[in-house]
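Below is one structure, written out as structure tokens; the observations come after it.
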Amino acid sequence: MSLGRKGGLDKRLKKISKQEAASIKLLEKQESELVKAVEENKRLVDTILVKESPAEVKLRLEIEELTGKIGLLNCQLQEIKDTREDVHHPLRVRGDVLNDKLAVVKAQLVSTRNMMSRS
């Protein structure tokens, strides 16, 4: 191989080496920029997406309000049921009084019939 050819080859190898160095430098710069972009995106996710949106806040508050109202209505319903089912409810008491009176009247009727049948 002649020196001319060897010198051309050395030039090419130097050129390739320089290009590789430039490529590495460019890739390192891209890597650095991408790392920064990833970190910035993570910060945005943490600050923006973690917080509730106004629509979410509104719906959550409405759900809490309705849940409270449901609880109150359930309590009122239970009170009404308890009152209705109470053994001392006026209608139940009146029914007991009427049954007692009926028992007395039946006993008087039996007694009266017995007296009449003996006469």
Side-chain angles (χ1 to χ4, degrees):
M1 196 187 256
S2 71
L3 284 178
R5 285 187 169 195
K6 191 173 181 192
L9 180 59
D10 283 342
K11 263 180 144 177
R12 281 195 189 119
L13 290 175
K14 256 188 183 178
K15 186 177 179 182
I16 290 171
S17 180
K18 281 183 181 181
Q19 288 173 343
E20 287 174 342
S23 291
I24 288 174
K25 196 172 186 179
L26 179 63
L27 289 171
E28 287 172 344
K29 186 175 180 180
Q30 285 178 336
E31 178 188 30
S32 173
E33 290 299 317
L34 285 169
V35 165
K36 288 177 187 175
V38 166
E39 289 171 357
E40 184 179 342
N41 191 63
K42 185 181 181 314
R43 277 193 304 275
L44 288 173
V45 166
D46 289 345
T47 57
I48 295 173
L49 297 181
V50 172
K51 282 195 298 186
E52 286 182 313
S53 70
E56 287 173 308
V57 170
K58 181 181 176 188
L59 287 174
R60 184 179 47 76
L61 291 175
E62 191 171 340
I63 288 169
E64 288 173 3
E65 181 182 326
L66 291 173
T67 301
K69 193 169 187 176
I70 287 172
L72 178 64
L73 291 173
N74 279 329
C75 286
Q76 290 174 347
L77 177 62
Q78 190 60 48
E79 287 175 8
I80 292 169
K81 279 183 175 179
D82 291 346
T83 301
R84 178 176 47 85
E85 295 171 356
D86 186 10
V87 290
H88 301 295
H89 190 281
L91 289 175
R92 292 185 199 281
V93 171
R94 184 171 67 186
D96 292 343
V97 170
L98 291 173
N99 281 327
D100 290 345
K101 286 182 180 181
L102 179 60
V104 168
V105 169
K106 282 183 178 182
Q108 287 175 346
L109 182 59
V110 167
S111 177
T112 304
R113 283 186 180 151
N114 284 339
M115 285 201 288
M116 289 182 71
S117 67
R118 288 184 192 161
S119 7

Going by heavy atoms in the side chains, are [X] and [Y] under 4.5 Å from each other?
X	Y	answer
Ser32	Glu28	no
Asp82	Asp86	no
Lys14	Asp10	no
Arg94	Val97	no
Gln108	Val104	yes
Lys29	Lys25	no
Leu13	Leu9	yes

Does the pair Leu102 and Lys106 meet the rule for a side chain to side chain contact (heavy atoms under 4.5 Å, CB included), with working shown? CA-CA 6 Å; Leu102 179 60; Lys106 282 183 178 182; 4.0 Å; yes
Any Lys/Arg nitrogen of Glu64 or Arg60 sitting under 4.0 Å from an Asp/Glu carboxylate oxygen of the other? yes
Using a strict threshold of under 4.0 Å (side-chain N to carboxylate O), is an ion pair present between Asp46 and Lys42? yes
Using the rule that Ile, Leu, Val, Met, Phe, Trp and Tyr join whenever any side-chain heavy atoms are under 4.5 Å apart, tell me whether Ile48 and Val45 fall into a single cluster.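 Ile48 and Val45: one cluster.
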Could you tell me if Gln78 and Asn74 have a donor-acceptor pair between their side chains, going purely by distance under 3.5 Å? no
Distance from Leu61 atom CG to Leu66 atom CG, nearest 0.5 Å? 11.0 Å
Quick check for you: to the nearest 0.5 Å, what is the distance between Leu27 atom CG and Glu20 atom CD? 11.5 Å
Which atom names give the shortest non-hydrogen contact between Lys51 and Glu56, and what distance separates them?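 Closest pair (atom of Lys51, atom of Glu56, distance): O-OE1, 4.1 Å.
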Under a 3.5 Å distance rule, please check whether Ser23 uses its side chain to pair with a backbone N or O of Gln19 as donor and acceptor.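 Yes.
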